[in-house]
Amino acid sequence: MEIKVFNNEAEIGEFAGKLYVDYVNANPDCVLGFATGASPVPTYDYIAKSCAEGLVSLKNVSTFNLDEYCDLPKDHKNSYFTFMCENLFSKTDINMANVDFLDGNADPDEESARYAKAIAAKGGIDIQLLGIGRNGHIAFNEPSDEFTDEAWKVTLTQSTIDANSIYFDDIPMPRSAITMGIGSIMRSKKIILIATGESKADAVKKMIKGEVTPQVPASILQQHSDVLVLLDTAAASLL
Ligand code: GLP
């Protein structure tokens, strides 16, 4: 794992955003795996701004996202699909036909098989962006007794419900989600993980220095050959 520590999230956004812009300019038809949550937003802002300024084009890029809530309409304001449209897709020239998303309302087994096939058909994910949950989850792979492989339907833990329910002001937060599995994430050629704030410090420490265990899903990243971890000083404070 390569670890870089920055003063704040804006600096991370600039660094990661530039990395994406350079990568897409060198590989215009690349396959990018995106993540939701607050952590990647400054990175998305940088990419969107670069696109608006004509410094990069996403029109030939294909994308897959990590996860989606179950039992929530795709166009609900809190769906992860809406999040990606608002924070990135609508601000770029991306071709929405090249945007693939897990369907939280489909049969989980069929959807898992469809997603695996779609990712393979594109030749795999070149760069997968990740955040990390306070309990060490990646995507929605919560602490458990075994590492998962392909996408699957997960029951969310109380830690995740506490962290994410602030976004749900009209309806109760869904209790389940469909998420790319650990295997699908690990098959990405490169992984960039962004973590900011003190609430992530313990999970970051366990991910980097702890035992590789499904109880800390992010710890599996120690076994990937190309992981870049971008932290602010607060998230890095226990290293
Ligand atoms: C959610 C998402 C994860 C994300 C995590 C951290 O649970 N499913 O993909 O990494 O939250 O989010 P944030 O960046 O808002 O802290």
Side-chain angles (χ1 to χ4, degrees), residues 6 8-13 16-17 32-46 63-72 76-84 86-88 101-104 108 115 125 127-144 148 151-169 172-182 184-186 188 191-208 216-221 227-232 234-237:
F6 298 80
N8 51 54
E9 60 172 21
E11 283 183 14
I12 296 178
L32 300 178
F34 284 136
T36 52
S39 309
V41 170
T43 303
Y44 295 156
D45 288 345
Y46 186 99
T63 74
F64 292 91
N65 255 78
L66 285 172
D67 44 16
E68 181 57 283
Y69 289 112
C70 291
D71 310 316
L72 197 64
H76 187 274
K77 70 181 173 67
N78 287 117
S79 76
Y80 280 169
F81 178 73
T82 299
F83 176 97
M84 288 307 300
E86 287 178 351
N87 286 282
L88 186 67
F101 232 89
L102 281 163
D103 180 351
Y115 216 52
I125 293 172
I127 307 180
Q128 178 62 57
L129 188 56
L130 295 178
I132 185 171
R134 295 173 195 176
N135 59 4
H137 75 236
I138 46 175
F140 267 136
N141 293 281
E142 300 279 28
S144 77
T148 54
W152 64 299
K153 183 173 177 175
V154 61
T155 301
L156 302 174
T157 62
Q158 195 58 46
S159 159
T160 302
I161 292 166
D162 292 345
N164 292 7
S165 52
I166 52 160
Y167 299 114
F168 286 83
D169 53 9
M173 185 184 141
R175 280 354 193 203
S176 58
I178 183 162
T179 178
M180 268 169 64
I182 295 291
S184 14
I185 293 169
M186 288 293 279
S188 309
I191 292 174
I192 299 176
L193 184 142
I194 296 176
T196 56
E198 208 184 327
S199 66
K200 303 292 177 68
D202 185 53
V204 164
K205 181 182 169 199
K206 289 178 175 152
M207 163 179 76
I208 294 171
V216 182
S219 63
I220 191 80
L221 299 177
V227 178
L228 177 59
V229 180
L230 306 177
L231 307 172
D232 68 356
S237 59

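Bear in mind the structure is a predicted one, so any value in this text is a computation, not a measurement. Counting starts at 1 for both ligands and their atoms, following the listed order.
Of all atoms in ligand 1, listed by their number and element, those nearer than 4.0 Å to a heavy atom of Gly131 are 10 (O). Listed by atom number, the atoms of ligand 1 under 4.0 Å from Ser39 heavy atoms are 13 (P), 14 (O), 16 (O). Atoms of ligand 1 found under 4.0 Å from any heavy atom of Asn164, numbered from 1 in the order shown, are 1 (C), 7 (O).
Using a 4.5 Å heavy-atom threshold, the side chains of Asn164 and Phe140 count as touching.
For atom 8 (N) of ligand 1, the closest heavy atom belonging to the protein is Asp67 OD2, 2.8 Å. Atom 4 (C) of ligand 1 has as its closest protein heavy atom Thr36 O, 4.0 Å. At the top of the distance list for atom 16 (O) of ligand 1, counting protein heavy atoms only, stands Lys200 NZ, 2.5 Å. For atom 15 (O) of ligand 1, the closest non-hydrogen atom of the protein is Ala38 N, 2.7 Å. For atom 12 (O) of ligand 1, the closest non-hydrogen atom of the protein is Gly37 CA, 3.9 Å. In this structure, atom 2 (C) of ligand 1 lies nearest to the protein heavy atom Tyr80 OH, 3.7 Å. Nearest protein heavy-atom contact of atom 6 (C) of ligand 1 is Ile132 O, 3.6 Å. In terms of protein heavy atoms, atom 5 (C) of ligand 1 is closest to His137 NE2, 3.7 Å.
Heavy-atom proximity to atom 3 (C) of ligand 1, evaluated over Ala139, Ala218, Ala177, is greatest for Ala139.
Each of Val41, Asn65, Thr82 was scored for a side-chain contact (heavy atoms from CB on, under 4.5 Å) with Thr36, with one residue passing: Asn65. Of the options Val229, Ile182, Leu193, a side-chain contact (heavy atoms from CB on, under 4.5 Å) to Leu221 is made by Leu193 and by none of the others.
Taking the six-membered ring wherever Trp is involved, the centroid distance between the rings of Tyr69 and Phe168 falls below 6.0 Å.
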Derivation of the side-chain contact (heavy atoms from CB on, under 4.5 Å) call for Ile125 and Met180: CA-CA 12 Å; Ile125 293 172; Met180 268 169 64; 3.9 Å; yes
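If you take CD on Glu9 and CG on Asp45, they are separated by 9.5 Å, rounding to the nearest 0.5 Å. Atoms CG and CE, on Asp71 and Met173 in that order, are 12.0 Å from each other to the nearest 0.5 Å.
Considering all non-hydrogen atoms of both residues, Gly136 and Pro217 come closest at O-CD, 3.3 Å.
Remark: Phe64 engages Tyr115 in a ring-ring contact (aromatic ring centres under 6.0 Å, His included) (not counting sequence neighbours).
No heavy atom of Arg134 sits closer than 4.0 Å to any atom of ligand 1.
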